[in-house]
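First up is the structure itself, then whatever we jot down about it.
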Amino acid sequence: MRSSLPDLFDAQPDLLFQLVTMLNPSVLQENGVPVFSTLQEPGNFVITFPRSYHGGFNLGLNCAEAVNFAPADWLPHGSFGADLYKRFHKTAVLSHEELLCVVAQYGEVDSRGSSYLKAELLTIIDKEKSWREKLWKNGIVKSSRLAPRKCPQYVGTEEDPACIICQQYLYLSAVVCSCRPSSFVCLEHWEHLCECKTSKLRLLYRHSLGELYDLAFSTDKYTSEEKAESRSVKRQSSCLSTLTKKVNGSSVTFTQLATEWLLQSSTILQNVFVTDASVTALRKAEQFLWAGSEMDSVRDMVKSLSEAQKWAEGIKDCVTKIESWLSHQDSSLKKIHLEYVDELLRFDPVPCNEPRYHKLKEYAEEARMLIQEIEAALSMCSNMSELELLYSRACGLPIYMKQTKKLEAKISSTKAWMGSVRNCISASDPAALDVDVLYKLKSEIADLQVQLPEIDALQNLLNQAESCRSQCRCILEGPMNLKNVGLLLKEWDSFTVDVPELRLLRNYHSDAASWVSHFNDVLERVHRQEDQHNAFDELKSILAEGLSLKIQVDELPLVEIELKKANCRQKASKAHNSKMPLEFIQQLLKEATMLGIEGEKQFISLSCVLGVAMRWEERAGEILSLEASISDFEDMIRASENIFVILASLNDVKEALSEATSWLRNSKPYLVSSNCVSNSVRKVEDLQLLVSQSKHLKVSLEERRMLELVLNNCKKWECGAHSLLDDVQCLFELDNTVHGISSDLLFEVEDFIARIQSAIASGVSLGFDFSDISKLQASCSTLQWCKRALCFCNHFPSLEDVLDVVEGLSHSSVSGALLNVLVDGVEWLRRALEGISRPCNSRRCKLTDIQDILTDYRTIKMTFTEVNCQLEEAIGKHRSWQEQVHQFYWSSSSERTWSSILQLKELGDTIAFRCPELDLILSEVEKVENWKKRCMDNIGPLFQNENSLLHALQKINERLDRSLYIYGKLQNQKEPNLCNCCFVDSKDQEFLTCSTCMDCYHLQCIGLTAKDTGLGDYKCSYCEILKGKSQYSNGSSLLRFEKHIELNILVKLLSDAEHLCFGIDERDLLNQLIEKGFACKSALREIVNLSSAYVNEDITIISEKLTIAIKASKVAGVYDQGGNCDLELALARYLWKSQVNILLSSEQKPTVEQIQKHLKEGMSMEISPKDHYMLKLTNVNCLGLHWVELAKKVSNDSGALGLNKLYELVVEGENLPIDVNVELRMLRARCMLYCICRKPFDPGRMIACYQCNEWYHFDCMKLSCTQDIYICPACSPCTGLPTNHDRLTSGKLEEPKTPSPRHTNPRKKQKRDMFAPSDEDGSGFKYSNGTKCPRWKNRKPFRRVTKRRVELQSLSPFLCIKR
């Protein structure tokens, strides 16, 4: 890919990492790369191996999943990929080192995969070892471990720092400097971190070399002998005995330095311990800790030194704090915990020699003795004074003890208990103390184990509470009397303790007393007879409450008796307010007698009402048993309205009256005249039902006899109607021949019609809905249709009358032999009339059908003489027309004309029946008409005002003749003076002639007015195109034929007319048009072939030929699609050559994009490579691309190309025949130099000064990151630069600043005389403080270019020099 796409790789070296480039598989195969293709179906897996390119596309909607997985043999490929990422400074997806270490430490690897894992681990360990040795040799002796991970068993969950140079994750090790603590580099790029000395650099590592080798060899499973061999190999691998460096002029090995350090460290532990010496030794040991297992002794000594330092500092801190507390006795000072002191004194032997160890031990012994006394006091029953004395001693000790807190808690709890007991003893209010509180205080003092005088007083109070509780329980367990409970409550009324049983008895006594009082109040209101309803509810509630009392009361039986009386009074009140049944009042009076309250006023009034109701019931029984009049029933109902009781017989009386009233209402329509009621309302069945219902009425009525008389009249009419229907049916059953119909049958039919109409009128006059009326009407209708059918025998009827009779007889519901004869006769008459009167209809009859009708005439029993004669005459005319058709087809083809067949068609439409001859004539006519219609559909749109096909074909013929004349195929024909647009020689319109081709055009056709008549140098649109002044587009059509018909369509129309059996003028003219169209096509092909084969520089010959072809194609009314496409392509090629000639010969140089655009267009047009303009354009393109490629490389080479070569390249670009201004600007910008290093502009690594706008590199100015406002040292020269020692020891991190040699002062608008000349040559100036600064002779308001660099006197940094 690099060899196929060198430009892309030069512009972007890491192109393959972007996954945006695809290469043609054929190119890969040409370069020896194996290429395979596969079609992945649903459920298939495609596995891609490492270092292989894969790509694909979907054939439709798709959902797929890609998974990256790595077997053990992938590890070498992963290592290779990690090296590629590092080489191109690309951030990897995950750290390869981290993956290997985590899998080796936490993963389960089989024997097959362990070999790959071990090999990769040994490779990175050896590389890590060599780089750590190199760092040690170069003086980087500081080292420390990286911060431990929270989840070390997972890969990629925590982000490691990345190298700022190669962007790789630093998992195993990194290098950092104190000047830039947030920047890290890998071991390979340690020299590029900063410019500080190596003594400021520090090595950060996660595992020592020994741990790494242990990790590598732990992946193998060994026997005991193999393990010993592995350990020896591991020791040899991690050994650093040969590692040496020069110290104070002599070579010293790594092991010698470690041995020397061990001797110094052992001396520190043996003598009196000094912290500074220990810190120094630990700092020196950092250079050995990263090594292998041979430095285990150093690591052990570092561990001992660290423990000793921590122990000694702890001893000193404890003693210092104890002495400070004893001297000040300040409670704000925190005491030392005894546990921490014991932890320091527990070391045996002690880590080092610390003098204050014994003093701390004495303080600890004193604290332990006091703890024993406190524990003894807490375990036995002591008095309060002893406990307080021990607490005061513990507070005066400088060491904190946990037992002190327990002692303090016991003292505070005892004091709180004493206060609570004293409050209980001094209480005076009844039931103020809770008995549970007393028991709780008693249990608390047992837990405290303290001797106090308040204990006896608390016990006396508890004894009294127990005595009260026992008495209350005795009463609660037996039957409770109100009097006994009151005596007990009076005895313990003033007791201060709240006993639950005593409180419960108080509640029971209170509830009973309240109930008795309430009952007395209610009983008093009941005796006064106030609101019996509420009294009943209150007594019912009191009874329920009395039954729920816990204490027995004597008034409870009285409540039950009063409740029954109140209930009886409530029922009586209800009987007075609303009507009640007679039985209810009788039962209520019996209850009042039993309770002894029958003498009350309300019960006496109920007795009177009961007597009146009983007498009414006796009278009602009498009128119901006998048929009384309606007035008697109405009087009984009115009498019941004054009785305030629900009467049992009242519903029967009302029901009998209601039935009589309803019967009268239903009988009313039958008792009035028939004119007042609709027939549909009065039915005989209903009348019979009313008569039968009247026999069950309990009321005597006169209307019964009237309805019976009406019913008898209806039955008489129904008998007469049945007799008439039977007579009519006998008439329909007659089976006589109707030939020579007598007038008796017609008169008999008319007589039946009159009788039926009279019967219908009499039935309607009765006003009832008789079912026989509809039957009479149907019979009358059928007789009327029969009458009309019999009349058809005497005259020639119309088809409409016959159809009406046929339809009427078909819908008749009456049947019979006479009707069948009439139906058959009328049906024959219908068929005959249809065959005669509908020859032109779509339902045209066949000749055989007419003959069948004549045959069927003999079978019918009716006579239709006139119709029969008409049928025979129509058959004769049809046979005469058939003979004419046969003569037409027997004649020769020249005699068969279009007009004669049209005459046969018109005559056949009038007199012929359906037959093969008629179908043949109609088919031939339809074929011709369809063919003409297709012709007009294709040709008609070209001539909007033309309706004749022949005239349209003649116009096309005229246009083809003119086109052939333009091609030169008609030499003897004189050219007509016509407009080249509309082809009309209109003398009343002004013409304008083209100055190039001399063709004429109407002013209106070309969009001009009469003012433009004198236009001298007019050029038509064809000439404008061929002169190259019109734009062209290879994708759009250059020739448009809106009013042209395609030649293939004419050929198809002619082939469709070949099957016609007679001649027509249009077909002959169409044949001539096709011959002329093929002649024009041949002429056009000659011109196109000539244009395609022409490759010379002079294109005027092609211009003339193409002008003829375009004009002839436009004039012709017929076009060929293939020929026009070829003409369009030839015209596009000509215009392309014309545009290329203009592009290369113009004063303005073309751009590379324009050249390539024209080349692409020429290739798409398939212009020959030997063409003059194609060769010329290709040479210019190759020359320009070669120079542009070289210019882009030079502009990005960071100053590698020399200035002389650069200027030569600029001159070469200026002399090129194409426009390369963009690249020239890039090369001129490449000539501009920036910063103190005098290098070209680099936008990714530079910053601009806020005052002078000069650009500087971050690395040259020692800037770690970008700044919002940056001022270069040249713009602030008076601020002295700090020394290296000041920068290193100051609190702020400052980068070294180097001023630009270009600037001597900030760019401000100041007068030039503000600086006084300091020397004769004017090479410098003075500031106001006398400091001399150099002045550059080539100082300019704009940036310098490399030409002027040789004129600089000095490139030294800008420094302030004292005079």
Side-chain angles (χ1 to χ4, degrees), residues 1 14-22 28 33-38 40 43-56 62-128 146 149-163 166-174 186-188 206-207 211-221:
M1 291 186 70
D14 59 344
L15 182 64
L16 290 180
F17 293 91
Q18 309 301 325
L19 301 179
V20 296
T21 306
M22 296 184 68
L28 297 176
V33 180
V35 177
F36 303 93
S37 64
T38 181
Q40 185 179 10
N44 294 353
F45 294 87
V46 178
I47 300 177
T48 306
F49 285 88
R51 301 191 64 189
S52 64
Y53 167 83
H54 65 92
N62 184 33
C63 179
E65 180 182 4
V67 179
N68 295 323
F69 63 95
D73 55 357
W74 171 83
L75 292 176
H77 298 283
S79 176
F80 176 79
D83 293 339
L84 277 180
Y85 274 89
K86 189 171 186 176
R87 188 189 312 164
F88 287 95
H89 297 181
K90 298 289 291 183
T91 303
V93 179
L94 54 85
S95 173
H96 191 66
E97 300 171 349
E98 179 185 4
L99 175 65
L100 294 173
C101 294
V102 171
V103 172
Q105 188 173 2
Y106 299 100
E108 296 180 1
V109 186
D110 55 6
S111 59
R112 182 182 177 185
S114 61
S115 59
Y116 293 100
L117 183 61
K118 179 182 176 181
E120 288 300 317
L121 280 172
L122 290 177
T123 301
I124 65 171
I125 292 172
D126 293 340
K127 184 178 179 182
E128 184 74 14
L146 289 166
R149 293 192 161 208
K150 296 180 181 179
C151 300
Q153 68 273 21
Y154 299 111
V155 178
T157 57
E158 302 175 40
E159 187 173 354
D160 293 315
C163 176
C166 62
Q167 305 299 323
Q168 300 304 302
Y169 291 119
L170 305 175
Y171 176 76
L172 285 179
S173 57
C186 60
L187 304 190
E188 298 182 21
R206 193 174 301 279
H207 303 288
E211 294 171 348
L212 289 176
Y213 279 109
D214 291 339
L215 190 62
F217 287 99
S218 66
T219 57
D220 291 335
K221 280 71 180 177

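Hydrogens, waters and symmetry mates play no part in the numbers below; they use all other heavy atoms, side chains included.
Atom CG of Asn68 is separated from atom OG1 of Thr48 by 9.5 Å, given to the nearest 0.5 angstrom. Taken to the nearest 0.5 Å, the CD atom of Gln105 stands 5.5 Å off from the NE2 atom of His207. Interatomic distance, NZ of Lys86 versus CG of Leu84, reported as 12.5 Å (0.5 Å rounding). One distance of note links CD of Glu108 with OG of Ser114; it measures 13.5 Å at 0.5 Å rounding. Interatomic distance, Glu188 CD to Cys163 SG, rounded to the nearest 0.5 Å: 8.5 Å. The distance from the CG atom of Leu172 to the SG atom of Cys186 is 12.0 Å, given to the nearest 0.5 Å.
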(request) For Phe80 and His77, run side-chain contact (heavy atoms from CB on, under 4.5 Å): C-alpha distance rounded to whole Å, both residues' side-chain angles, the deciding distance at 0.1 Å, then the answer. (result) CA-CA 5 Å; Phe80 176 79; His77 298 283; 5.5 Å; no
(request) Check step by step if side-chain contact (heavy atoms from CB on, under 4.5 Å) holds for Gln168 and Asp83. (result) CA-CA 10 Å; Gln168 300 304 302; Asp83 293 339; over 6 Å; no
(request) Given side-chain contact (heavy atoms from CB on, under 4.5 Å), test Tyr53 with Met22 step by step and report yes or no. (result) CA-CA 10 Å; Tyr53 167 83; Met22 296 184 68; 3.6 Å; yes
(message) Assess the residue pair Tyr171 and Val102 against the criterion (side-chain contact (heavy atoms from CB on, under 4.5 Å)); give the C-alpha distance rounded to whole Å, side-chain angles, the decisive distance to 0.1 Å, and a yes or no.
(response) CA-CA 11 Å; Tyr171 176 76; Val102 171; 4.2 Å; yes
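Residue Glu159 qualifies as open at atom CD: its count of foreign heavy atoms under 6.0 Å is 12 or below. A 6.0 Å sphere centred on CZ of Phe88 holds more than 12 heavy atoms belonging to other residues, nucleotides or ligands. When the shell of 6.0 Å around CG of Asn62 is examined, it contains more than 12 heavy atoms from other residues, nucleotides or ligands.
Listed by chain and number, the residues in a salt bridge (charged side-chain N to carboxylate O under 4.0 Å, His left out) with Glu120 amount to none (sequence neighbours excluded).
The side-chain heavy atoms of His96 and Tyr85, taken from C-beta on, include no pair separated by under 4.5 Å. With a 4.5 Å cut-off on side-chain heavy atoms, Tyr169 and Val93 do not count as touching. Counting heavy atoms from C-beta on, the side chains of Pro152 and Tyr106 come closer than 4.5 Å.
The minimum heavy-atom distance between Ala174 and Leu170, with the atom names listed, is CB-CD1, 3.4 Å.
Look at Glu98 and Arg206 and you find no salt bridge, because none of the NZ, NE, NH1 or NH2 atoms lies under 4.0 Å from a carboxylate O.
Panel note: side chain Glu97, backbone Leu121; no donor-acceptor pair is recorded below 3.5 Å.
When each of Val155, Leu75, Ile125 is paired with Leu100, the side chain to side chain contact (heavy atoms under 4.5 Å, CB included) condition holds for Leu75 and for no other.
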